[in-house]
Amino acid sequence: MDLHNYDIKDPSLAEAGRQRIEWASREMPVVKLIRQRFAAEKPLRGIRVAACLHVTTETANLALTLKEGGADVILCASNPLSTQDDVAAALVDYAIPVNAIKGEDEVTYYKHIDTVLDSKPQLTVDDGADLVTTLHTKRSDLINNVIGGTEETTTGVVRLRSLDKAGELKYPMIAVNDAQTKYLFDNRYGTGQSSIDGITRATNILWAGKKVVVCGYGWCGHGIAMRAEGLGSQVIITEVEPVRALEAVMDGYQVMPMLEAARVGDIFITITGDKSVIDKAHFQVMKDGAILANSGHFNVEINIPALESLARRKRRLRTFVDEYTLEDGRCLYLLGEGRLVNLAAAEGHPASVMDMSFADQALCLEYLVKNRERLEPRVYPVPEEIDKLVAKLKLEAMGIAIDKLTPEQAKYLASWEEGT
Ligand SMILES: NC(=O)c1ccc[n+]([C@@H]2O[C@H](COP(=O)([O-])OP(=O)(O)OC[C@H]3O[C@@H](n4cnc5c(N)ncnc54)[C@H](O)[C@@H]3O)[C@@H](O)[C@H]2O)c1
């Protein structure tokens with residue numbers, strides 16, 4: 001691994017990054033345990049790992065864990081706006097080359113992915129599947145080196161499943177997002193809290209009394225709705241899937257079509273993994289002052305080109321707030337250029353929740369190496385024993401004990417003979 005193969009904003013930020021990485025590690029006890037074991041056992045000895053993740057303090061703790069396990073790790077960003085430049089500098093100091101700069105343009109973003117792939121990875125760690133897609137298309141000459149990969153987020157898993165369905169997936173993948181210890185916590189509590197945090201930091205608005213429209217009631221949508229309600233907002237949900245819409249109704253939220261919600265909302269948050277969820281027809285009926293934010297993986301959930309086409313003026317009012325003045329004088333406010341607001345305008349998920357997601361990541365990478373001979377090129381779920389172990393370790397770290405089934409109960413739960 002060429003340790004000089006990095007491109008970061010400013011190496012002098014390393015000390016600040018180091019301190020913040022250390023702070024995050026205090027809230028990541030499960031990753032810490034894995035790191036200690038990896039240091040002793042070196043399960044990834046000599047393995048080249050290319051990771052395309054949000055460059056945050058939590059990701060740094062994962063990267064250091066893989067390095068302790070013997071891997072050569074190289075990292076790029078999974079979003080042009082999510083990099084924490086001080087963390088990137090600190091990781092370079094820790095001999096982990098990073099290719100990521102907050103605010104990089106799309107050409108640089110893909111150039112950084114290319115550089116990371118130049119390391120001829122044997123394991124890929126992706127968040128959104130841009131790394132894997134590049135590897136399967138422009139850099140397919142490198143695929144034979146790869147043992148396997150992991151995918152962190154819902155949108156990435158959707159992309160991988162469609163690659164698999166098309167018969168084009170070339171190596172085994174583990175859908176880390178679909179572990180219970182990932183989506184039930186990271187997507188719900190992590191995205192819930194950090195999206196509200198990002199919007200608050202970007203705008204300093206008061207949530208109490210606002211009509212907040214959450215587009216998409218998946219696991220992330222559950223979290224955002226729950227936290228906005230907790231701050232005193234009236235939550236409106238838009239959905240396309242009947243069961244989830246019904247769940248939102250019974251959870252006590254108003255549910256309506258987007259065109260109706262567009263007329264009444266003060267704050268809109270898209271979290272669907274879909275595109276053009278907020279579109280031209282919606283901008284045309286929104287109230288003056290409406291705030292638009294996205295927390296879904298890509299910046300296509302709000303149709304920004306359509307917003308641009310309707311605007312007669314655009315100006316940046318605050319660091320992450322762009323004001324669009326429409327022909328009739330109404331102003332709409334887009335946060336963080338429509339990119340994931342929790343990472344663009346805040347720090348992403350709190351470390352305590354990434355502790356579980358990244359424990360899953362580390363253990364799945366170890367699993368891929370151990371089982372390399374028998375795994376096929378398809379999308380695998382996280383092995384149940386890993387999911388259960390992460391939950392168990394997290395509970396232990398939190399000092400929480402639970403009950404065990406008695407032999408009699410275990411037998412009863414596995415039987416059909418006993419009834420009324
Ligand atoms: N910001 C973050 O840090 C973060 C963290 C985790 C996941 N994500 C991303 O957030 C997105 C959502 O993830 P999730 O786990 O909640 O997914 P999910 O599949 O559980 O939920 C998405 C929901 O959106 C609904 N939906 C789709 N199109 C819609 C439309 N046009 N209008 C209204 N609803 C629509 C779906 O029916 C579904 O219920 C994905 O892109 C994921 O990658 C972001």
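Both ligands and their constituent atoms are indexed starting at 1 by order of listing. For reference, positions follow the sequence shown, starting with 1. Computed from a predicted structure; not experimentally measured.
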Ring centroid separation H136 to Y171 under 6.0 Å: yes
Quick one: table the atom pairs, ligand 1 N or O against protein N or O, below 3.5 Å, distance rounded to 0.1 Å.
from	atom 1	to	atom 2	distance (Å)
ligand 1	1 (N)	S295	O	2.8
ligand 1	1 (N)	N342	OD1	3.1
ligand 1	1 (N)	N342	ND2	3.3
ligand 1	3 (O)	N342	ND2	2.8
ligand 1	13 (O)	T154	OG1	3.4
ligand 1	15 (O)	T154	OG1	2.7
ligand 1	15 (O)	N187	ND2	2.9
ligand 1	16 (O)	W219	N	3.2
ligand 1	16 (O)	C220	N	3.0
ligand 1	20 (O)	W219	N	3.3
ligand 1	20 (O)	R244	NH1	3.1
ligand 1	21 (O)	R244	NH1	3.4
ligand 1	28 (N)	D274	OD2	2.9
ligand 1	31 (N)	D274	OD2	3.2
ligand 1	37 (O)	E239	OE1	2.8
ligand 1	39 (O)	E239	OE2	2.5
ligand 1	39 (O)	R244	NH1	3.0
ligand 1	41 (O)	T155	OG1	2.5
ligand 1	41 (O)	H297	N	3.0
ligand 1	43 (O)	T153	OG1	2.7
ligand 1	43 (O)	T155	N	3.1
ligand 1	43 (O)	T155	OG1	3.3

Does some side-chain heavy atom of L310 sit less than 4.5 Å from a side-chain heavy atom of E327?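 The answer is no, as the side chains (C-beta and beyond) never meet within the 4.5 Å cut-off.
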Is there a side-chain contact between V125 and L123 (heavy atoms, below 4.5 Å)? no
Check whether more than 12 heavy atoms from other residues, nucleotides or ligands sit under 6.0 Å from atom NZ of K170, and answer yes or no.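 Count over threshold, so yes.
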Is the number of heavy atoms from other residues, nucleotides or ligands under 6.0 Å of E385 CD greater than 12? yes
Ring-plane angle category for F185 and Y189, please: parallel below 30°, perpendicular beyond 60°, tilted otherwise.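 Taking Y189 first and then F185, their aromatic rings sit tilted (interplane angle of 30° to 60°).
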